[in-house]
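Data block below; observations after.
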Amino acid sequence: MARFDRKRVVVTGGAGFLGSHLCRVLLEDGCEVVCVDNYYTGNKGNIVDLLGNPYFELMRHDVTFPLYVEVDEIYNLACPASPIHYQHDPVQTLKTSVHGAINMLGLAKRIGAKIMQASTSEVYGDPEVHPQTEDYWGHVNPKGTRSCYDEGKRCAETLFFDYRRQHGLVIKVARIFNTYGPNMLPGDGRVVSNFIVKALRNEPVTVYGDGSQTRSFCYVDDLIRGFKILMDDTPDEFSGPVNLGNPMEFTILELAEKVIEMTGSRSRIEFLDLPSDDPRQRQPDISLAKRELGWQPETTLEQGLVKTIEYFRKMLEQ
Ligand code: NAD
Ligand code: UDP
Ligand code: UDP
């Protein structure tokens with residue numbers, strides 16, 4: 001691609017887990033990338049190797065404040081994603097989802113940019129429909145400890161669809177299911193990173209509840225491939241929401257046993273209290289993604305865990 005043809009892309013939350021992978025893939029594709037992050041849960045370490053690239057620009061900025069840049073596309077990922085982080089300052093979490101969406105949509109509207117929202121399976125809450133399809137409206141507690149995240153993301157989706165209806169924006173909404181891989185923070189509290197780090201340290205692996213609750217885990221490379229197809233290869237009329245996740249469902253206890261086995265750990269399993277509103281079951285129905293995007297995950301849990309364990313092993317050795 002000739003230099004003057006480079007697509008200019010904003011990635012909010014670009015120093016976080018998913019954002020850092022996305023920035024890297026966009027640069028490899030020949031885009032100019034503006035990474036916008038306030039380092040709330042992200043860190044420079046995730047993108048330090050990109051800083052020498054002249055087509056990569058890092059902006060310390062909080063998306064709850066207006067942003068004036070000139071770009072072609074916006075990926076809106078800014079928002080803490082781990083329960084311990086999003087519950088630390090729930091008001092800020094809501095502001096990030098809601099005010100952040102308004103600002104990024106206002107930006108997209110002014111410059112005519114295409115915009116993608118990183119929504120979440122949490123919009124389904126503790127689902128009564130299994131597996132979850134996009135037409136399910138969800139079962140969400142509006143006033144619990146997870147609500148700041150779930151309702152913030154639901155409101156952001158509403159804003160995206162209203163900006164499309166009212167202002168004709170081209171929007172893409174991805175409902176992301178549990179995703180894991182390198183660049184997760186070792187202490188961020190999400191189950192895959194927690195289990196791997198504890199197993200590598202031979203500390204007790206903490207299963208909340210009896211471990212019979214289920215999740216479906218998608219490896220990060222598969223997810224980012226899905227983002228790109230959604231943004232680049234679907235017609236403007238296709239907005240989603242579309243589920244992106246791996247439909248292979250595991251109990252949390254199965255995950256704990258698998259991680260202990262794969263790390264060769266001496267850890268035992270410790271059962272702790274289940275947090276409030278913890279969803280019992282979660283599994284995406286990805287028929288729509290298969291049909292409209294021609295996308296499905298290619299990485300098995302074992303393959304993804306090998307790479308993620310390797311990442312954390314190196315990190316803990318340093
Ligand atoms: P993460 O916490 O690693 O990354 C979020 C990034 O957003 C961080 O770099 C953080 O510093 C930044 N951020 C937070 N508030 C901000 C603000 N006000 N202004 C600017 N930057 C801000 O989380 P992640 O796993 O990379 O998640 C990225 C996005 O994907 C989030 O919107 C999350 O809700 C969504 N998502 C992730 C998953 C998953 O399993 N990883 C699942 C569903 C949805
Ligand atoms: N905004 C922004 N960058 C822009 C344009 C708008 O951050 O380039 C923000 C601005 O704070 C505004 C919000 O987006 O309040 C919503 O913009 P919109 O044009 O939809 O609404 P209005 O400006 O009328 O409130
Ligand atoms: N979990 C667990 N031990 C941990 C961390 C999480 O048993 O050390 C459980 C948690 O209660 C939930 C599941 O693992 O049932 C997934 O948790 P995570 O925070 O990764 O994602 P979410 O609940 O948002 O899907």
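When a residue number appears, it is its place in the shown sequence, counting from 1. Just follow the structure's listing: the first ligand is 1, and inside any ligand the first atom is 1. Atoms considered below: every heavy atom in the structure, side chains included; atoms not considered: hydrogens, waters and symmetry mates.
- Distance from atom 16 (C) of ligand 3 to its nearest protein heavy atom, with residue and atom name: Arg215 NE, 3.6 Å.
- Comparing Met104, Arg110, Lys109 by heavy-atom distance to atom 19 (O) of ligand 2, the nearest is Lys109.
- Inclusion of Asn38 in the set of residues having an N or O under 3.5 Å from an N or O of ligand 1 is warranted.
- Using 4.0 Å as the threshold, Phe65 has no heavy atom nearer than that to any atom of ligand 2.
- Residues Asn76 and Met116 are not in side-chain contact: their nearest non-hydrogen atoms beyond the backbone lie 4.5 Å or more apart.
- Applying the 4.0 Å criterion to heavy atoms of Gly42 picks out, from ligand 1, the atoms 8 (C), 9 (O), 10 (C), 11 (O).
- Within the model, atoms CZ of Arg266 and OG1 of Thr263 stand 10.5 Å from one another, a figure rounded to the nearest 0.5 Å.
- Within a 4.0 Å radius of atom 24 (O) of ligand 2, the protein contributes no heavy atom.
- The atoms of ligand 1 that sit less than 4.0 Å from any heavy atom of Gly13 are 6 (C), 7 (O), 9 (O), 12 (C).
- A salt bridge links Asp278 to Arg215: at least one charged side-chain nitrogen sits closer than 4.0 Å to a carboxylate oxygen.
- Ligand 1 lies nowhere less than 4.0 angstrom from a heavy atom belonging to Met184.
- Shortest contact from atom 34 (O) of ligand 1 to any protein heavy atom: Tyr149 OH, 2.5 Å.
- Taking a cut-off of under 4.0 Å to the non-hydrogen atoms of Gly16, the atoms of ligand 1 that pass are 3 (O), 4 (O), 8 (C), 9 (O).
- Contact annotation for His167 and ligand 2: no heavy atom of the residue comes within less than 4.0 Å of the ligand.
- Residue Leu67 holds the heavy atom nearest to atom 3 (N) of ligand 2 of all those in Leu105, Leu67, Leu169.
- Looking at heavy atoms from C-beta onward, Leu255 lies in side-chain contact with Val191 at the 4.5 angstrom threshold.
- Arg6 forms a cation-pi arrangement with Tyr55, by the criterion of a distance under 6.0 Å to the ring centre and an angle within 45° of the ring axis.
- Of the protein's heavy atoms, Cys79 N, 3.6 Å lies nearest to atom 14 (C) of ligand 1.
- Closest to atom 26 (O) of ligand 1, if we only count protein heavy atoms, is Leu18 N, 2.8 Å.
- Those atoms of ligand 2 with a heavy atom of Ile102 less than 4.0 angstrom away are 13 (C), 14 (O), 16 (C).
- Atom numbering of ligand 3 starts at 1 in the shown order; those under 4.0 Å from a heavy atom of Glu122 are 22 (P), 24 (O), 25 (O).
- Comparing Ile252, Val191, Asp188 by heavy-atom distance to atom 17 (O) of ligand 3, the nearest is Val191.
- Of all protein heavy atoms, the one closest to atom 8 (O) of ligand 3 is Asn194 ND2, 2.8 Å.
- Within the structure, ligand 1 has Ala15 among the residues with a heavy atom less than 4.0 angstrom away.
- In terms of polar-atom proximity, defined here as any N/O pair under 3.5 Å, Asn43 makes no such contact with ligand 1.
- Of the heavy atoms in Val192, none comes closer than 4.0 Å to ligand 3.
- Less than 4.0 angstrom separates some heavy atom of Asn178 from each of these atoms of ligand 3: 21 (O), 22 (P), 25 (O).
- Contacts of Ser121 with ligand 1, taken as heavy-atom pairs under 4.0 Å, are absent altogether.
- Close approach to Val207 involves these atoms of ligand 3, each under 4.0 Å from a residue heavy atom: 7 (O).
- Close approach of ligand 3 to Asp278 (heavy-atom distance below 4.0 Å) involves ligand atoms 10 (C), 11 (O), 12 (C), 15 (O).
- Counting heavy-atom neighbours within 6.0 Å of His139 NE2, excluding the residue itself, gives a total of 12 or less.
- Against a heavy-atom cut-off of under 4.0 Å, Tyr39 is close to the following atoms of ligand 1: 11 (O).
- In summary, the side chains of Thr120 and Arg175 do not present any donor paired with an acceptor at a separation below 3.5 Å, with no hydrogens or angles considered.
- Set against the non-hydrogen atoms of Tyr68, the atoms of ligand 2 under 4.0 Å away are 3 (N), 4 (C), 5 (C), 8 (O).
- Under a 4.0 Å criterion applied to the non-hydrogen atoms of Arg282, ligand 3 contributes the atoms 25 (O).
- Under the 6.0 Å cut-off for aromatic ring centres, Tyr219 and Tyr180 qualify, their centroids lying closer than that.
- Each of the following atoms of ligand 3 lies closer than 4.0 Å to a heavy atom of Gln213: 9 (C), 11 (O), 15 (O).
- Counting heavy atoms from C-beta outward, Leu230 and Val242 have side chains that approach closer than 4.5 Å.
- Among all protein heavy atoms, the one lying closest to atom 39 (C) of ligand 1 is Arg190 NH1, 3.6 Å.
- Within the listing of ligand 1, atoms 18 (N) sit less than 4.0 angstrom from a heavy atom of Gln92.
- Annotation for ligand 1: atoms under 4.0 Å from non-hydrogen atoms of Lys153 are 31 (C), 32 (O), 33 (C), 34 (O).
- The proximity of Asn178 to ligand 1, defined as any non-hydrogen pair under 4.0 Å, is limited to the backbone.
- The single protein non-hydrogen atom nearest to atom 2 (O) of ligand 1 is Thr41 OG1, 2.6 Å, given as residue, atom name and distance.
- In summary, the atoms of ligand 3 found under 4.0 Å from a heavy atom of Gly189, numbered by their order in the structure, are 5 (C).
- The closest protein non-hydrogen atom to atom 2 (C) of ligand 3 is Tyr208 CD1, 3.3 Å.
- With contacts defined as side-chain heavy-atom distances shorter than 4.5 Å, the pair His99/Val63 does not qualify.
- The shortest non-hydrogen separation linking Tyr40 to Asp37 is N-OD1, 4.1 Å.
- Within the 3.5 Å criterion, the main-chain N or O of Glu203 finds a donor-acceptor partner in the side chain of Ser267.
- Close approach of ligand 3 to Arg146 is summarised as follows: ligand atoms under 4.0 Å from at least one heavy atom of the residue are 22 (P), 23 (O), 24 (O).
- Scanning all protein heavy atoms for the shortest distance to atom 18 (N) of ligand 1 gives Asp62 OD1, 2.9 Å.
- At least one donor-acceptor pair closer than 3.5 Å links the side chain of Thr158 to the backbone N or O of Arg154.
- Using modelled atom types, one side-chain atom of Glu254 and one backbone atom of Thr251 make a donor-acceptor pair closer than 3.5 Å.
- Among protein heavy atoms, the minimum distance from atom 12 (C) of ligand 1 is reached at Asp37 OD1, 3.4 Å.
- Not a single heavy atom of Ser82 sits less than 4.0 Å from an atom of ligand 3.
- When each atom of ligand 1 is checked for a heavy atom of His61 under 4.0 Å away, the hits are 19 (N), 20 (C).
- For atom 27 (O) of ligand 1, the closest non-hydrogen atom of the protein is Ala81 CB, 3.7 Å.
- In this structure the side chain of Tyr149 reaches within 4.5 angstrom of the side chain of Cys79, judged on heavy atoms.
- Side-chain N or O atoms of Asp277 include none that pairs as donor or acceptor with a backbone N or O of Gly144 at under 3.5 Å.
- The contact set between ligand 2 and Asn103, taken as ligand atoms under 4.0 Å from a residue heavy atom, comprises 1 (N), 2 (C), 7 (O), 9 (C), 10 (C), 11 (O), 13 (C), 14 (O).
- Between Val36 and ligand 1, a contact under 3.5 Å exists for no N or O pair.
- Ligand-side atoms of ligand 1 in range of Leu77: 28 (C), 29 (C), 31 (C), 32 (O), range being under 4.0 angstrom from any heavy atom.
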